[in-house]
Every structure is written in C-alpha cells, then in structure tokens.
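Report on one structure; see the data block that follows.
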Amino acid sequence: MFDLNFLLAGDYRDWLLSGLLLSLQLMGITLLLSLPLACGVAMLRMAPSRLLNALGAAYVELIRNVPLLAHFLFWYFGAPELLPDTWKERLYAGNIEAASAITALTLYTAAYMAEDIRSGIRAIPAQQFEAGRALGFSFLATMRLCVVPQALRLAAPPLLSQTLTLWQNTSIATVIGVAELMYQTQRVEAASFRSVEAFVFASAAYLAVSLLIAGLAALLQRKVS
Amino acid sequence: MLELIHDYWLYFLVGRYPEGPLGGLALTVVLASLALVLSLPFGLLLGLARLSPWRLLRWPVAALIHVVRGIPLLLVIFWAYFFLPSITGHESGQFGTMLAALVIFDGIYLAEIVRAGVQAVPTGQVEAARSLGLNYLDSMRTVVLPQALRHMLPSLVNQFVSTIKETSLGTIIGLAEVSFIASQVNGLVLTKPVQVYFLLGMTYFVLCFSLSRAAFWLERRQARVLKAAA
C-alpha cells in the first residue's frame, strides 16, 4: 500500500526536488529583500517626525490586516496591469509568477519583521541614542552606527521565528502557479494518484526545514540571553 | 470601481445565497467564527495536556504541536481533504474540510496561548489551591484557568484576526468564501483586476483592522485594571 520509494526515483523525484529548491530560493530571496525594507520601515516608525511615523504605521497595518493570499492575487493579476506597456511585455516574457510571489512575500514579511526590529530598537537604552547624538551624529547615523546593530542582535530570535512563518508562507505561492514544493506535490499527486505518499513527502520536507530554523532560533535565544 | 461595487456587492457579500449556498464575506465570517469557537475547547485541552504533570500525556501532545506548527496550513487542509472522508465515511465538502483544518491548526496555536496564559498565573496561586486540599484538576479549573483566560482575551481577538485571514486559503479547495468570489467576479469582468483585488484587500483590511484595534484596546484596559489593583 504505502510506498514512498516510487517517489524517490525518476521524474517524480526531480519534480519534488525542483519544487523544494524553488521554495528555498523563494525564502532566501525574500529574506534578503525584506530585511533592509523592514529596517527602513522600523526607522520610519521611530523617526522624529509625525508624518514619517504615520507612514510607517500605515504600511504595517495595511499589509498585516490583509491575508497573504489576497496579496498574491493583487500582485499577480492586478499590479502588472498598472505598468507601462513596454515594462508589461518584458515582465510577461520573464517569470512573472516568481516575480509577483517575491513581491508579495517581501512586502508581507517586511511588515512583520519591521515590528520585531522596532521592539528590538525600543529595548536599547535611550542613553545609547543620546550618546550618539551628543557625539554629533545625525539621527540616521546614530541609528545606523549605534542603535540598529545592537537592536538586530536582540531581534534575532523573533526574526528567525518570522523566517519560519515565511518558510510556510511560500507554500501559498501555489495559487498563482509558482512551481514551488506545494505546486509540485499537487502535480505528482495528480499524475500518480498517490496522494498520501506525496503529502507525506511534502510534510516531511516542510517539517525538516522548519525544525532546522526552530533549532537555530533556540540556539540564538540561548546566546542572546 | 463604483460600477463594480454597484453590480456585484450582493454577490460579494453573500455569494449565491438565497438560491444557492451561503458564500462571500458572510461565509468568511461564519467560517472564522465557528473555527474559533470550536478550536477553543480543543486548544484548552491540548494546552492543559502540554502542562500536565503526566509525561505520557505531555510528550505526545508536545510532538503533535511541533509537527503541526512545522507544516503550512495548506498541507493541513490537504490532509483533511484526504483523511476526513475515510474517517467519517462520507464526503465532507469544502466547508467541512476547511473547518476541520482550521480547528486543528488554530487549536494547536491556541494551545500555546493557553500555556502562556496559565504560566503567567503566579505559582503561589496553584500552591494556595493545592494546600487548601484541591487536587490538580480542581485547582486548575477553579483557581488558575479563570485568571489565565482573562489574560488571554487580547490574544484570542488576535487569533480571530488570524483565523479570518486563514479562511482565504479555502479558495484553493474551491470554497466560495470572499477571496474565491472576488476571483469569480474578476473572471466575469475581466478588465478590472486591479480594482477587484484592491476592493478585496480593503474589505479584509476594514474587518481585521477594527478587530486588531479592539485587541489593542482590551490590552490597554487590562494593563490599567492590573495597575489599579496593584
């Protein structure tokens, strides 16, 4: 009955592995893009201007209170229509699914990470900031050289647990047809009629990466505290 | 955009309702509410099992929690889709599948909220209850849980917001909730994807933002009450 071996040879294996690889790539690229964006948004929320604070808060609330699925739908079906024609052509010629998925995931993840970084910044004693200013640094230079590096250290464990969520969120990209792990699992299932085996494989793969990240987070947590 | 709202608002809100099954925003809210209400007792049981003094109960539950938290909700939905019919003996339909998946998934997350809530109650409370002669279960039920549940209220409202967002995944198995209806409308209109999905996003925003404000307000009020009591 249950036979995982047939998944681990031939076409099915290649499909699943390419899916797993693409999921990991989605996570990696999203991380690289969302971390600086999140730092920027967190700075907006701490900036000495009401307008900038409101801008940062609006970004976070607007993104977080809409499901990721709706973000995917908007960035895949809607947003490309707004582009000028030459851009649109170039986008449709390339991998538009992956581009939309990365846009949606990055904006979504950055909104959550910005809050983690902000609470990291708030945990740094105000004297650190004052000392930086007293040495003649500007707001941005003080943040960049003195406050944010310390805050990122404190924020590392929550940022890792956000990465865990990001890892699971990559699976939703299947709705817009990105050929990541969930998509390939459904493809294997449809081609082989082995639903249980296919889902066991996907669950094990998601779980393995999740446990790895969770282990890393636990390690870091011990180091920070 | 106004034309779009004018033509499709009823479909968006209730789907095909009087003629067909309930759908749209109404279905989203009903599904999320039911999921939260049903996952509460489940989460409470799991949370207590995770804290229980009996290893045989604690370990399997901890393992279950780790596994479910490690896989995406989408996979839980697919598992429910394939396993429910073989357990119950008949097709459960999209609504039943989605509800089951959400109850399991949210129950697991609620278990951790319950655990945090119970652990936040000072140990002196348990010791006092035990020294009055109450057994473990009674001291939980009459002393610890009522205090823990009050602490958990803001987290519960936040969980409700998450659940509303999670219902959108029902689209993938063809459940006619609000995201699915929006995609249908997009298919009917064809020329206005930006407007359709913008409206969908704003609808979720209004619903979830007002709820998360409520959670924030509850948290603030609770902090004030605690301060006044201290």
Side-chain angles (χ1 to χ4, degrees), chain A residues 23 58 60-83 104 108 161 164-176 180-183 185-186 189 194-196 198-215, chain B residues 28 32 63 66-83 86 105 158 161-173 177-180 182-183 186-187 190-213 216:
Chain A
S23 286
V60 170
E61 296 297 345
L62 270 173
I63 300 269
R64 288 208 310 187
N65 286 304
V66 173
L68 182 55
L69 184 103
H71 285 285
F72 274 121
L73 295 176
F74 178 79
W75 289 105
Y76 182 61
F77 292 108
E81 295 299 317
L82 294 172
L83 294 173
Y108 192 78
S161 83
L164 193 69
T165 311
L166 164 63
W167 168 242
Q168 301 184 0
N169 281 343
T170 59
S171 66
I172 303 175
T174 190
V175 273
I176 58 167
E180 41 66 77
L181 182 54
M182 200 62 222
Y183 181 91
T185 306
Q186 285 171 277
E189 191 239 328
R194 299 279 193 139
S195 22
V196 174
F199 289 132
V200 163
F201 179 90
S203 303
Y206 277 114
L207 188 61
V209 177
S210 294
L211 288 179
L212 210 69
I213 300 173
Chain B
T28 294
H66 279 299
V67 168
V68 175
R69 283 171 75 102
I71 64 175
L73 173 58
L74 205 48
L75 260 173
V76 179
I77 296 171
F78 281 113
W79 278 118
Y81 206 70
F82 283 97
F83 266 134
S86 64
F105 201 73
N158 276 327
V161 173
S162 306
T163 312
I164 289 175
K165 288 165 64 183
E166 285 159 2
T167 57
S168 66
L169 291 184
T171 296
I172 292 168
I173 54 169
E177 43 71 56
V178 71
S179 303
F180 186 83
S183 292
N186 184 42
L190 275 178
T191 50
K192 290 181 178 158
V194 180
Q195 289 88 331
V196 170
Y197 290 118
F198 179 77
L199 278 178
L200 176 68
M202 282 306 105
T203 307
Y204 276 119
F205 175 75
V206 169
L207 191 61
C208 296
F209 183 69
S210 36
L211 275 168
S212 63
R213 282 292 97 175
F216 183 69

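Note on naming: letters A, B, ... go to the chains in the order of the sequence lines (proteins, then strands), and numbering restarts at 1 for each one. None of these values were measured; they are calculated from a predicted model.
For Phe209(B), the parts lying under 4.5 angstrom from a heavy atom of chain A are both the backbone and the side chain. Of the atoms belonging to Val67(B), heavy atoms from both backbone and side chain fall under 4.5 Å from chain A. Heavy-atom distances place no part of Thr167(B) under 4.5 Å from chain A, backbone and side chain included. Neither the backbone nor the side chain of Thr203(B) comes within less than 4.5 Å of any heavy atom in chain A. Looking at Ser171(A), the atoms closer than 4.5 Å to chain B (heavy atoms on both sides) sit in the backbone and in the side chain alike. Within the 4.5 angstrom heavy-atom criterion, atoms from both the backbone and the side chain of Leu62(A) approach chain B. For Ser168(B), the parts lying near chain A are the backbone and the side chain together; criterion is any non-hydrogen pair under 4.5 Å. With a 4.5 angstrom heavy-atom cutoff, Thr185(A) does not touch chain B via any of its atoms.
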Before giving the answer on side chain to side chain contact (heavy atoms under 4.5 Å, CB included), spell out for Ser210(A) and Arg69(B) the whole-Å C-alpha distance, their side-chain angles and the decisive distance to 0.1 Å. CA-CA 8 Å; Ser210(A) 294; Arg69(B) 283 171 75 102; over 6 Å; no

Test log, rule side-chain hydrogen bond (donor to acceptor under 3.5 Å, both in side chains), inputs Ser179(B) and Tyr204(B): CA-CA 10 Å; Ser179(B) 303; Tyr204(B) 276 119; 2.8 Å; yes

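Between the CG atom of Leu211(B) and the CG atom of Asn65(A) there is a distance of 9.0 Å, given to the nearest 0.5 Å. Atom-to-atom distance recorded for Phe74(A):CZ and Leu199(B):CG is 11.0 Å, nearest 0.5 angstrom. Residue Met202(B) holds its CE atom at 12.5 Å from CG of Leu207(B), rounded to the nearest 0.5 Å.
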